[in-house]
Each structure stands twice: as structure tokens, then as C-alpha cells.
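The structure appears right after this line, and notes come after that.
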Amino acid sequence: MRSEADAERGRVVGRFAPSPSGPLHFGSLVAALGSCLSARSQGGQWLLRIEDVDTPRCVPGAAEGILRTLERFGFEWDGPVVWQSARGDAYRDAFAHLQAAGWIFGCACTRKEMADSALARDGTRRYPGTCRDGLPPGRVARAYRLRVEPGMVSFDDRVQGTIAEDVAADVGDFVLLRADGLFAYQLAVVVDDAEAGISEVVRGADLIDSTCRQILLQHLLDHPVPAYAHLPVACNTAGEKLSKQTLARAVDEGEPARLLADVLAFLGQCPPADLAESGLAAVWAWGRDNWSMDKVPRRRIQPAPGYA
Ligand code: GLU
């Protein structure tokens, strides 16, 4: 956790926040190494959080597998691992705070009822505002949404440049408490990052379209806005993001030094060709000494080695 003193000194605190929906693949290793080297190269802390708030998507044993793989690759995190599944009270408090301030309304709409709505940039349905001024007669709330007012939200991404979005126009009022009773990722991530004192969020560009929503929540909850850097996402030959759905291969733990050197190359750091031959410790030392966010390619997606 980041202490008050750290915050005053402007100390860098980064994090890696995998969802335990499958084993670590090359794409997750990119976010892990990029976030870690960014924090460490600035003398900062690096924290680990298992994002198991979306329990239906969690695969039994995946979280433990991710931790083992990270250790095998030589990652060292500060403090205890934070598990979102143990943080319901913190999400409930933030939700109650927003509700008391009038920012939340109950929504009865089913997915089917919203099937005709326009698509937002990230592929979710734009909420048409049906229940925003009260539930239709005879209907009960299934989910709870944040009332989003029109206006631009913007941030300067350290890799992708300036990003701006009118969340009301693009996404609309978004869900904070889901119909299945689970808190939404958008709320959990904001509450957790604030409590841990995260000063920079370095993660895959697949999450860039969530960032303006998260900044909106940070403003409403009076939390500081961290710096953001969205790294290129690794894809396969078909241009699909590596994920469980695209059957991404679990990382091969047999050659951790080589794979980390591949991640450094993927992130534009240009490591010496024979770096991996010097072993894992040498790859880490080189990474810490030479990390430069300025060298990371300004793209949202690029082929992973071995898939290209
Ligand atoms: N849990 C998310 C994922 O694995 C990452 C969330 C974040 O870094 O903000 O895709």
C-alpha cells in the first residue's frame, strides 16, 4: 500500500491486475513486464491484484497458476496480493457514496430490450436512458447504473497520446452493480487503484476505452487520477487479441529469459540479440536499466512473436 508519505514524495506505484480467467499468455506477460519495469525504473513500487470480481469468468486454479508463473519469470511484487473477491465492503461503500449523492439509478432493462441500441466504441451497447428518470410501471430494478452527464473526459496517455470521449454520448449510463449482484469491473478497479495509491496504470490497449469511464468515477469519488499508459496488445496471425477465447497458448515456462527478452523487443526496447543467453537476472537488470516508455510503439495491437 502507498503511504501518505509516499504520496507526498510523489512516489511511483504501479500494478498488474490479471483476471484469473485462464493461464498467463504472451499478452498478459506484456502488461506484467511493462507495468513492472515502468515502476521499478523510476524507483517505484509494483503491486499485484487478482481481479476475481467477475466470478462467473474465473477459472478454478487460474489465479494460483498466474502467481506461480510470475514467480517463475522472476517477478517480485511489493506487499500482499490483493484479491478483489475479498473487497466487497469497499465496493459497497463507494456505491453507497455515489447513491447518496444521487448518481445512481435502478434499471429494469434486459439485454434483449437493449439489443437495438447503438454500439459503443468498445462493443458494449450504448444505454438508451430508458429507466434514467424512473422505472417503467410494474418493473423492478435488475441492475444499477451511473447517471452520466454529457461532456468530454480526456487524458494524456503516455503511449497513445491524447484520448477524449463524451461518455454520455458513446456509452451512456453504465452499470456499476450488475443484474447478477456483482459489482462491475469499472467500479472495482477505480476503488482498488485509489486505495492502493496507484500513481500509474500501465496495461493493455484493449482497456483504453474503459479509461474515460474510470476517470469519471475517480472524479465523482474524489480520487486522484493516475497517469495512464496503454501498451500494444499482442495478437495472433488473424489479428485477434490473444485471449482464452482465441486459444492463446499459455506461456512456455521452460525459457523465461528468452520470453522476457521477446516481450522487451515487442515493447520496442531493442534488447541486445544475445541478452537471453546471459540468464533471467541479466534480462531483468537490462530491462530496469534501459526501460523507456517513449520507445513503446504507439499502436493498439501488434503480432506476438511466434504468432506472426
Ligand atoms: N483485469 C483486467 C484484465 O486482465 C485488467 C484490468 C486493469 O489493468 O485495469 O484484462
Side-chain angles (χ1 to χ4, degrees), residues 13-39 45-59 62-67 69-70 75 77 81-87 90-91 94 122-124 155 157-160 163 174 176 178 182-218 221 223-235 240-246 248 250-251 267 296 300-301 304:
V13 184
R15 50 60 157 192
F16 175 51
S19 302
S21 54
L24 218 60
H25 52 76
F26 186 85
S28 9
L29 210 51
V30 168
L33 189 65
S35 61
C36 184
L37 288 181
S38 176
Q45 289 185 314
W46 184 68
L47 314 183
L48 189 58
R49 178 171 74 231
I50 297 292
E51 299 216 315
D52 55 353
V53 70
D54 190 354
T55 38
R57 283 189 57 222
C58 295
V59 172
E64 293 72 14
I66 290 172
L67 298 180
T69 308
L70 289 172
F75 285 90
W77 49 91
V81 176
V82 170
W83 297 75
Q84 285 189 326
S85 51
R87 295 204 20 89
Y91 309 146
D122 67 354
T124 56
F155 64 100
D157 190 273
R158 281 159 55 190
V159 176
Q160 310 292 341
I163 306 287
F174 57 91
L176 294 188
R178 304 175 359 175
L182 294 171
F183 286 103
Y185 155 71
Q186 308 292 357
L187 181 69
V189 79
V190 163
V191 170
D192 290 342
D193 281 344
E195 186 163 320
I198 299 302
S199 69
E200 61 170 37
V201 171
V202 178
R203 61 186 176 190
D206 52 326
L207 291 159
I208 201 164
D209 290 332
S210 287
T211 307
C212 289
R213 264 171 277 177
Q214 292 169 15
I215 292 176
L216 207 59
L217 282 170
Q218 286 154 359
L221 290 166
H223 292 329
V225 177
Y228 285 98
H230 286 90
L231 309 174
V233 163
C235 65
E240 300 162 326
K241 178 197 154 197
L242 299 189
S243 68
K244 209 174 70 165
Q245 287 74 30
T246 59
V251 288
L267 287 170
V296 175
R300 299 221 179 158
I301 190 154

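Order of listing sets the numbers, starting from 1, for every ligand and every atom in it.
Residue contact check for ligand 1: Arg15 places a non-hydrogen atom closer than 4.0 Å to it. The shortest separation from a heavy atom of Phe16 to ligand 1 is not under 4.0 Å, leaving the residue out of contact.
For the 3.5 Å distance criterion, the side chains of His230 and Arg203 qualify, holding a donor opposite an acceptor. Counting only N and O atoms by type, the side chains of His25 and Ser243 include no donor and acceptor under 3.5 Å apart.
In this structure, atom 6 (C) of ligand 1 lies nearest to the protein heavy atom Glu51 OE1, 3.1 Å. For atom 10 (O) of ligand 1, the closest heavy atom belonging to the protein is Leu207 CD1, 4.0 Å. Scanning all protein heavy atoms for the shortest distance to atom 5 (C) of ligand 1 gives Ala17 O, 3.3 Å.
Between Trp46 and Phe75, the ring center distance clears the sub-6.0 Å criterion.
Residue-ligand proximity, Val189 to ligand 1, at heavy-atom distances under 4.0 Å covers atoms 9 (O). Per-residue contacts place Ser19 under 4.0 angstrom from the following atoms of ligand 1 (heavy atoms of the residue considered): 1 (N), 2 (C), 3 (C), 4 (O).
In terms of N/O distances under 3.5 Å, ligand 1 is approached by Arg203.
Ion pairing between Glu200 and Arg15 fails under the 4.0 Å rule for side-chain N and carboxylate O. A salt bridge is absent between Arg87 and Asp52: the closest approach of a Lys/Arg side-chain nitrogen to an acidic carboxylate oxygen does not fall below 4.0 angstrom.
The local environment of CZ in Arg158 is crowded, with over 12 non-hydrogen atoms from other residues, nucleotides or ligands closer than 6.0 Å.
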